[in-house]
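One structure is given here, and the rest of the page talks about it.
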Number of protein chains: 2
Amino acid sequence: MFKREVSCEKCSLRPICLASAISPEQLDEIDRIVRRGRSIKRGETLFHASSPFESVYAVRSGAIKTYSLAPDGEELVTGFYLPGEILGLEGISQEEHTSTAVALETSTVCEIPFKRFGELAVKIPSLQQHFFSIMSEEIYKDRTLHRLLSKRSADERVIALLLSLSARNRRRGLSGNEFRLPMSRYDIGNYLGLAVETVSRIFTRLNKSELLEVSGREIKIPCLATLRQSYTGEN
Amino acid sequence: MFKREVSCEKCSLRPICLASAISPEQLDEIDRIVRRGRSIKRGETLFHASSPFESVYAVRSGAIKTYSLAPDGEELVTGFYLPGEILGLEGISQEEHTSTAVALETSTVCEIPFKRFGELAVKIPSLQQHFFSIMSEEIYKDRTLHRLLSKRSADERVIALLLSLSARNRRRGLSGNEFRLPMSRYDIGNYLGLAVETVSRIFTRLNKSELLEVSGREIKIPCLATLRQSYTGEN
DNA sequence: CGCAGAATTGAAAGCGGTCAAGTTGCGTGG
DNA sequence: CCACGCAACTTGACCGCTTTCAATTCTGCG
């Protein structure tokens, strides 16, 4: 299950992942604790809610969603994670995972045992600082989501998600104008606090407009700037 | 502006604040970097969005709200902070504050210069771990808010906030059944993604029911258990 | 004591949800 | 490789919660 794969040092995702801004010799220390190349197929779970928290994970390829269940079984999709992004952070304080992570498509992840990581962060101040920063970033993104859910219409929420996915693709050097959604309409709706039907209707409406070409999960954005301004303006 | 006040060691809030689970001699080191007893009057701001990020803050007394502004000036209340709670965390990654913090009532705060704190956390692994935990907790609470905004009705959101305030009061040894809301209806609505009018209507409706006695900002909860079950059940 | 902001209340409209019924697309097994 | 079957997605009709707009009333502070 754990294949030998590229080290952090040689990983193309390094600039956006955990090991950015770390000097080469220290990189080597991180490399020693990271467990690489774990592969999970679509629908398989990476970790379960309530399982003991031992590691955080970096997505190497594919896409992962996390969700949590209310006591009554109601599902809430809490996040989508693309290559270079870190998941599992919300488990640290509870000492167990508080969400379940499943692969939306065949994915590979790097596992970062958290206890050993903490020991390393104590030795490498810049690593500690960077990890503080990653967690802070997560909090900051949650504030953005808060605004999205509190203040934005259904249309704006969907567009914001598309723009976010586009930006994250671009950051990895991929196209921000054409990509495939790794998640279902159901997941999108659940994440954005919308009914599936609403999401579906919005996609068809956007498809009829000039803003977007949608075909199933294939997305094409003719002009990012136009879409962006429609986000707080008019369609 | 900075008075000498009780050290962390003698602070009654220690068990729930930053310095919990730290050994006495290490406590001393924290004590040396914390700037205590800064007092801010109702309506005054503790830090502004876009100002350079230098410290996080622990509330000593009073209540603080944080909010951020969209480019168009639209306000979003992002959090309420009561004694023992830490604010300013979301500024770390951006290197500037991304929200503005204002006092809802006369408050005192302890300032924790973040650079020095980071240096200390490197020397005291358990402090690092604890700070990871505090940030993780913040992420975890954001997930709870996400569910509240995505899935819960207006009534449930308001009740959830009241229950949260009640629990946080109790944690400080105060009454969880009777307390005064530090924030306005406007702030409540803004935080919960509701119109002021909706919040007001809900309070009057709850007041008519047996669940709650509301008079302005004074709240009395006859039976917490009943209110709790009404949260996912029926009123 | 008077005023301004905060809170309440009412009426009407609209956005998004729910329910119900198709339609499409994809993975699986023959 | 094709056909089947189920899950994902779409579409339509209708309903209800919450917002919006507007008008008072209340409260706290100067």
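Every chain is numbered from 1, with letters handed out A, B, ... down the list of sequences. None of the values given here were measured: they were computed from a predicted structure.
Ion pairing of B:E105 with B:R42 is absent here, as no side-chain N (NZ or NE/NH1/NH2) approaches a carboxylate O to less than 4.0 Å.
Partners of B:E85 under the side-chain hydrogen bond (donor to acceptor under 3.5 Å, both in side chains) rule, at least two apart in sequence or in another chain, are B:R168. For B:R147, the side-chain hydrogen bond (donor to acceptor under 3.5 Å, both in side chains) partners are A:S68, A:E74, not counting sequence neighbours. For B:F114, the ring pair (Phe, Tyr, Trp, His ring centres under 6.0 Å) criterion is met by A:F132, B:F53, B:F131, not counting sequence neighbours.
A residue-by-residue look at B:R217 and A:V196 shows that B:R217 has its nearest nucleotide of DNA chain C further toward the 5' end.
Put simply, CZ on A:R205 is 12 Å from P on D:dT11, counting in whole angstrom units. Distance CG (A:N190) to P (D:dC9): 13 Å, rounded to an integer number of Å.
Looking only at distances, a side-chain donor or acceptor of A:R157 sits under 3.5 Å from a matching main-chain atom of A:R152.
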Might you work through the side chain to side chain contact (heavy atoms under 4.5 Å, CB included) test for B:V102 and B:L46, ending with a clear yes or no? CA-CA 6 Å; B:V102 314; B:L46 176 58; over 6 Å; no

B:I86 and B:Y81: CA distance, side-chain angles, deciding distance, side chain to side chain contact (heavy atoms under 4.5 Å, CB included) verdict: CA-CA 7 Å; B:I86 311 286; B:Y81 296 86; over 6 Å; no

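Considering every non-hydrogen atom in both A:A101 and A:T66, the closest pair reads CB-CG2, 3.9 Å. Nearest heavy-atom pair, A:S99 versus A:E90, reported as atom, atom and distance to 0.1 Å: OG-OE2, 2.7 Å.
Here CG of A:L82 is found 9.5 Å from OG of A:S107. Values are rounded to the nearest 0.5 Å.
Within 4.0 Å of A:F203, counting heavy atoms only, lies no atom of the nucleic acid at all. Across all strands, B:S200 comes closer than 4.0 Å to base atoms (heavy-atom distances).
For an aromatic pair to be called close, the ring centres must be under 6.0 Å apart, and A:F47 with A:Y57 satisfies this.
In this structure, the helix from C:dC1-D:dG30 to C:dG30-D:dC1 shows an angle of 50° between the axis at its start and the axis at its end, each fitted on 5 base pairs and rounded to 10°.
The nucleotide range of DNA chain C contacted by chain B, defined by atoms under 4.0 angstrom from heavy atoms of the protein and reported 5' to 3', is C:dA7 to C:dA11.
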5' to 3', nucleotides 14-30 of chain D under a 4.0 Å protein heavy-atom cut-off (B base, S sugar-phosphate only, - none) gives ----SBBBB--------

